[in-house]
Protein chains: 2
Amino acid sequence: MSKRKANTRQRRGSAQPTLAQVAELAGVSSITASRALNDPERVNAATRQRILDAMERIGYVPNLVAGSLASARSRFIAVVVPSLANAVFIEVIQGLQATFEAAGYQILLGNTDYDIEREHQLVRTFLGWSCSALVTAGLRHTPACRELLAGCNRPVMEVMELGEALDLNVGLDHEEAGSCMARHLLQRGYRDIVYVGARMREDYRAAMRYAGHRAVLEAAGLTPHLLELDRLGSLEAGAEGLERVRDQFPGAKAVHFANDDLATGALLHALRLGLRVPEEIALAGFNGLPLGQHVTPRLTTIQSSRHTMGRLAAEQVLRCLAGEEIETRRQNVGFTLLEGEST
Amino acid sequence: MSKRKANTRQRRGSAQPTLAQVAELAGVSSITASRALNDPERVNAATRQRILDAMERIGYVPNLVAGSLASARSRFIAVVVPSLANAVFIEVIQGLQATFEAAGYQILLGNTDYDIEREHQLVRTFLGWSCSALVTAGLRHTPACRELLAGCNRPVMEVMELGEALDLNVGLDHEEAGSCMARHLLQRGYRDIVYVGARMREDYRAAMRYAGHRAVLEAAGLTPHLLELDRLGSLEAGAEGLERVRDQFPGAKAVHFANDDLATGALLHALRLGLRVPEEIALAGFNGLPLGQHVTPRLTTIQSSRHTMGRLAAEQVLRCLAGEEIETRRQNVGFTLLEGEST
DNA sequence: GTGAAAGCGCTAACAA
DNA sequence: TTGTTAGCGCTTTCAC
């Protein structure tokens, strides 16, 4: 055969400097260069400095994809939420992010738009990225998704509500929160009470709160009234809710809204209409968003600790990843009734 | 030597089914199984079905890390924002996410907490993940970060403001927005005007708006007054801002706030104090958040289109990734003055 | 339409 | 403290 024709076929070189090049420049093997980054203590200080200098010199950026493939772990935490339009999820994400990023983990964010099929698909994708753990908002999944989560051999954290969790669980009891507010309204003397929800098949935690609300009213011998809006919670929807309550339930004295967006929207709308709150109509919400606490009258609502929920969830997952023994796999962050002047 | 002792050292098997196993079960080679997923047209329909059945049967989840390493591309889009506490960034992210996810890309979200060193670090990390493109909020980066972005050979999109961008740019002219509001206030007859910002070294776009505001006032022969708060914008901070303006600038007739959170906080606080708006004090904001449009009086503000900004940015990046020729690398989404009753 | 071989860039395991 | 070797699971290239 003619000239030793190298059998190296063309390979798309990303043209990025590699660890091997760093190692060569520093006069060490690539594993030593690797250790200089990932396990600095195990490398001689002078050697390490030479390696770091070499990296600097050629502009080395570690290829994390290759590292993950080799080590079969990534520093990704998958976070799956149903919506980004709701401040509540954003705050949970903030709590998660601050804690995970401080520990060197990256968040891989997925938005299901309240579609559990989409959730399943996102979970598959994230598992395909070898994420270290998964955090999902809520306990409801498709059977296939549950199976995937149960068998993935990674910490799985379900936040927001409490219940039969797959693995770890941080949240609050929404039914109890609904009851709490209903009891408050009864205690204030209201009898004609309407609960207003928005897309409760999707926002099923609002339906749980309604269940608690309803149980209290029924136990008191009252008829629960329900109005469901066909759009997600917003100030706009709250205004519409108030209009429709006045139309469909003219005798209503109090309205228990599924969340603060709705309740504040209704409250601001009432002020616009010149309705006296709570004299003519009392309004209550859920979440304890800052907004409701800045309007006059202040909104009566239930304070949930979203940031804490995120932080606790992240801490628990990190503990799990560190191999620590987890004693309490379920944590109840509770809630507080904020009595404003709107009831 | 004794028995053919297999020289296979223990390797952490992730124990997950692999494409090779799928292929074996389906009686094809692994590359065919790969094509059944990534390039279905090139595989015989019956064969493809056999492969998909096999995947289903053994619960195959594609290892995207391995795929990315082999192909040197991921379906990640890095998105770097300075804060998640600000609704504005959330809405841009929503616009980006909806568009990118629909095109099969995942968002890798980074939060710099207004620290451009942290931004640099995040950009390195994301490049290490072979992200397909990067989106950053703003044009300000460390020199090293600029260099990294300029040389990374991927689409780089800078959103929020307009200017000397590295590659692609979608945003609005903040200086002009500040001028626009200042002109509005002058036109309404206000002369004693205070601009209230919050941490403007970090939120430098607020400083740009102030520059526009200031230029208009100076051109009109008026003295610009500035009050800077040492915390990020919030309803709470807005209330404090109003207090401090009344204290430090007793003659002030109008307050131009750097954003709607501040302005609405001030407006709600004024209502609480029983101050008449705009008779005793006029208040204006920036962003056009729903909140300001639901209070009475409605807040005069500037509407920016965050969702559109995100969508346009994503569309532009996708076009770039598809290899299309980009004619306009800079897009101005503009803004609209919303005249409420607060001025 | 399908397959064989090579290797993406890194790290685990073992060895010195 | 450092190095050798193998291979993570997939896709590219080239060949049929």
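Chain letters run A, B, ... following the sequence lines, proteins first, then strands; residues in each count from 1.
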Task: Value in whole Å for how far the C1' atom of C:dG7 lies from CD of A:Gln16 - done: 18 Å
- [ ] Figure out the CD/P separation between A:Glu24 and D:dG3, and round it to whole Å.
- [x] 13 Å
Open item on the list: With a 4.0 Å limit, can you tell me whether B:Thr47 has a side-chain N or O closer than that to the phosphate oxygens OP1/OP2 of C:dT2?
Closed with: yes
- [ ] Identify whether any heavy atom of A:Ser68 sits under 4.0 Å from a base atom; if not, whether one sits that close to sugar-phosphate; answer base, sugar-phosphate or nothing.
- [x] nothing
Open item on the list: Using whole Å, what does the distance between atom P of nucleotide C:dG9 and atom CG of A:Asn63 come to?
Closed with: 7 Å
Open item on the list: Nearest whole Å is fine: how far is C:dT2 C1' from B:Glu41 CD?
Closed with: 16 Å
Open item on the list: Heavy-atom nearest nucleotide on DNA chain C for B:Arg42 versus B:Ala66: which residue maps closer to 5'?
Closed with: B:Arg42
Open item on the list: I want to verify a distance call: between D:dT2, C:dC10, C:dG7, whose nearest atom is closest to the B:Ala70 side chain?
Closed with: C:dG7
Open item on the list: If you assign B:Asn38 and A:Arg35 each to the DNA chain D nucleotide with the nearest heavy atom, which residue ends up on the more 5' nucleotide?
Closed with: A:Arg35
Open item on the list: Contact between B:Gln94 and B:His307 at the side-chain level, heavy atoms closer than 4.5 Å - yes or no?
Closed with: yes
TODO: Please figure out whether A:Gly27 or B:Gly67 has its closest DNA chain D nucleotide nearer the 5' end.
DONE: A:Gly27
- [ ] Check whether any side-chain N or O of A:Ser34 sits under 4.0 Å from OP1 or OP2 of C:dT11, and answer yes or no.
- [x] yes
Task: Between SG on residue A:Cys152 and CZ on residue A:Phe126, distance to nearest 0.5 Å - done: 13.0 Å
- [ ] Describe the nucleic acid contact of B:Val65 in one word from base, sugar-phosphate, nothing, applying a heavy-atom distance below 4.0 Å.
- [x] nothing
TODO: Round to the nearest Å and state the distance from B:Arg50 atom CZ to C:dT2 atom P.
DONE: 8 Å
Open item on the list: Distance check needed: C:dA6 P versus B:Ile31 CD1, whole Å only.
Closed with: 15 Å
TODO: Would you please confirm or rule out a distance under 4.0 Å between OP1 or OP2 of C:dT2 and any side-chain N or O of B:Thr32?
DONE: no
TODO: Calculate the interatomic distance between B:Arg75 atom CZ and D:dC10 atom C1'; express it in whole Å.
DONE: 16 Å
TODO: Evaluate the side-chain proximity of A:Pro82 to A:Met160: yes if any heavy-atom separation is below 4.5 Å, no if none is.
DONE: no
Open item on the list: I want to check one thing: is the phosphate of D:dG3, taken as OP1 and OP2, less than 4.0 Å away from some side-chain N or O of A:Ser29?
Closed with: yes
TODO: Verify the neighbour count for atom CD of B:Gln49: are there more than 12 heavy atoms of other residues, nucleotides or ligands below 6.0 Å?
DONE: yes
- [ ] Would you mind classifying the nucleic acid contact of A:Arg73 as base, sugar-phosphate or nothing, using non-hydrogen atoms under 4.0 angstrom?
- [x] sugar-phosphate
Open item on the list: When you measure from the side-chain N and O atoms of A:Thr18 to the phosphate of C:dG9, is any distance below 4.0 Å, counting only OP1 and OP2?
Closed with: no
Open item on the list: Could you tell me how far apart B:Leu19 (CG) and D:dG7 (P) are, to the nearest whole angstrom?
Closed with: 19 Å
Open item on the list: Test your reading of the model: is there a side-chain donor-acceptor pair from B:Ser30 to the backbone of B:Ala23, 3.5 Å cut-off?
Closed with: no
